[in-house]
Amino acid sequence: MAASSFTTSSILFPFTTSSKSPPSQLFPSFPCKHHTLRLRPVSVSAASTPTPSIQADKSPVSATPSKLLPFRIGHGFDLHRLEPGYPLIIGGINIPHDRGCEAHSDGDVLLHCVVDAILGALGLPDIGQIFPDSDPKWKGCASSVFIHESVRLMHEAGYEIGNLDATLILQRPKLSPHKDAIKANLSALLGVDSSVVNIKAKTHEKVDSLGENRSIAAHTVVLLMKK
Amino acid sequence: MKVPYFKPKPTSQTQILLSLRLRPVSISVSAASTPTPSSIQVDKSPVSATPSKLLPFRIGHGFDLHRLEPGYPLIIGGINVPHNRGCEAHSDGDVLLHCVVDAILGALGLPDIGQIFPDSDPKWKGCASSVFIHEFVSNICLPFSSLSISHTTFGYFYCTIVDFNSIPVFNG
């Protein structure tokens, strides 16, 4: 399945994005309905003059300084409810478990928040806006499609991945036996060496929905470097 | 009678976003690679078999959660905070120091705190969390990274501490 581009109408970007879809296609005018909480602590708008948190010694000055930042950071968060009868897919790997994620796509919390971290670092709309739940085109879609699209946007903006660190929060099952497979698959999807990707898992100490095995969550931070 | 969907229990939750700046003095990697000069030269970053080791910057993330119970001290960042309950844990239950350790380990691509200082090891029982930081900086971080401690700068910490005890119960 070919991933489609999105139009840039009504949204300002610090760089030009090519689009294959017709110009008349717009983002939905209504706010996207999110089933999960998404946090975006990092944002860069073209209209403002952002202050880089990391002062490179010779950072260039230009009309759109954010475009030329040598480094960018992004954060992603995703949470899905666990229900019986669904597969549990983490990082593209099917994990044996008695319940899985009920979601519009395949409910892969790790890939979803990796996408959000990359998009956030680039100052782009988040995964729910680019791949809205209301669009049947993405229903049941493998999350690897979203990864490929965000990686394409990243390279188009002139960046590549420096390193990535992810924290999975789930009470069960134990992820240790699957960590290497998840890491290898995520590295392959991103097109990077596996030493660039790090994954860890934590329990939620049996507290609230995460600790009671009723949900699963993930955090990801990513460092992007100018090519 | 409706059962509240969200019934918060007293917990202390810490999330930390760490930007770790490393200035490599000498890096023992494959002979084919070119070590990065001490100054940051992004435009001339060398291509090598293990590119991540030569990054001038790395980013990591840590998360930790401990239950709050009466009769325990509440220690955050090594500071004993006066409170009527504290963290029940294998060590001293310092959520902040725990996830600082995890963030640094994650930035370096190393195993997490639970693997390096396992709950099953009685050596770490009741241990102050500052020991974990000292332990991995001197024995784990430096040998792996071939870094001199004086050249390691912890760039930026973004830290959120959430005490669920202060969140009102949802009566939905």
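Each chain gets a letter, A, B and so on, in the order the sequences are listed, and its residues count up from 1.
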Student: Using heavy-atom distances under 4.5 Å, tell me whether A:Ile199 contacts chain B through its side chain, its backbone, both, or neither.
Tutor: neither

Student: Tell me, side chain or backbone of A:Val197 under 4.5 Å from chain B's heavy atoms, or both, or neither?
Tutor: neither

Student: Side chain, backbone, both or neither: which part of A:Ala166 has a heavy atom under 4.5 Å from chain B?
Tutor: neither

Student: CD1 of B:Ile59 to CD1 of A:Ile161: how many Å apart, nearest 0.5 Å?
Tutor: 12.0 Å

Student: What residue pairs, at least two apart or across chains, pass salt bridge (charged side-chain N to carboxylate O under 4.0 Å, His left out) with a residue in residues 101-110 of chain B?
Tutor: A:Lys202-B:Asp102

Student: Name the one of A:Asn198, A:Leu164, A:Thr220, A:Asp165 that satisfies side chain to side chain contact (heavy atoms under 4.5 Å, CB included) with B:His61?
Tutor: A:Asp165

Student: Could you tell me the separation between the NZ atom of A:Lys200 and the CG atom of B:Leu110, rounded to the nearest 0.5 Å?
Tutor: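 So the NZ of A:Lys200 and the CG of B:Leu110 are separated by 11.0 Å.
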
Student: How about CG on A:Asp98, more than 12 heavy atoms from neighbouring residues, nucleotides or ligands closer than 6.0 Å, or not?
Tutor: yes

Student: Does A:Ser150 have any side-chain contact (heavy atoms from CB on, under 4.5 Å) partners at least two apart in sequence or in another chain, and if so, which?
Tutor: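 Applying side-chain contact (heavy atoms from CB on, under 4.5 Å) to A:Ser150 gives A:Val115, A:Ile118, A:Leu119.
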
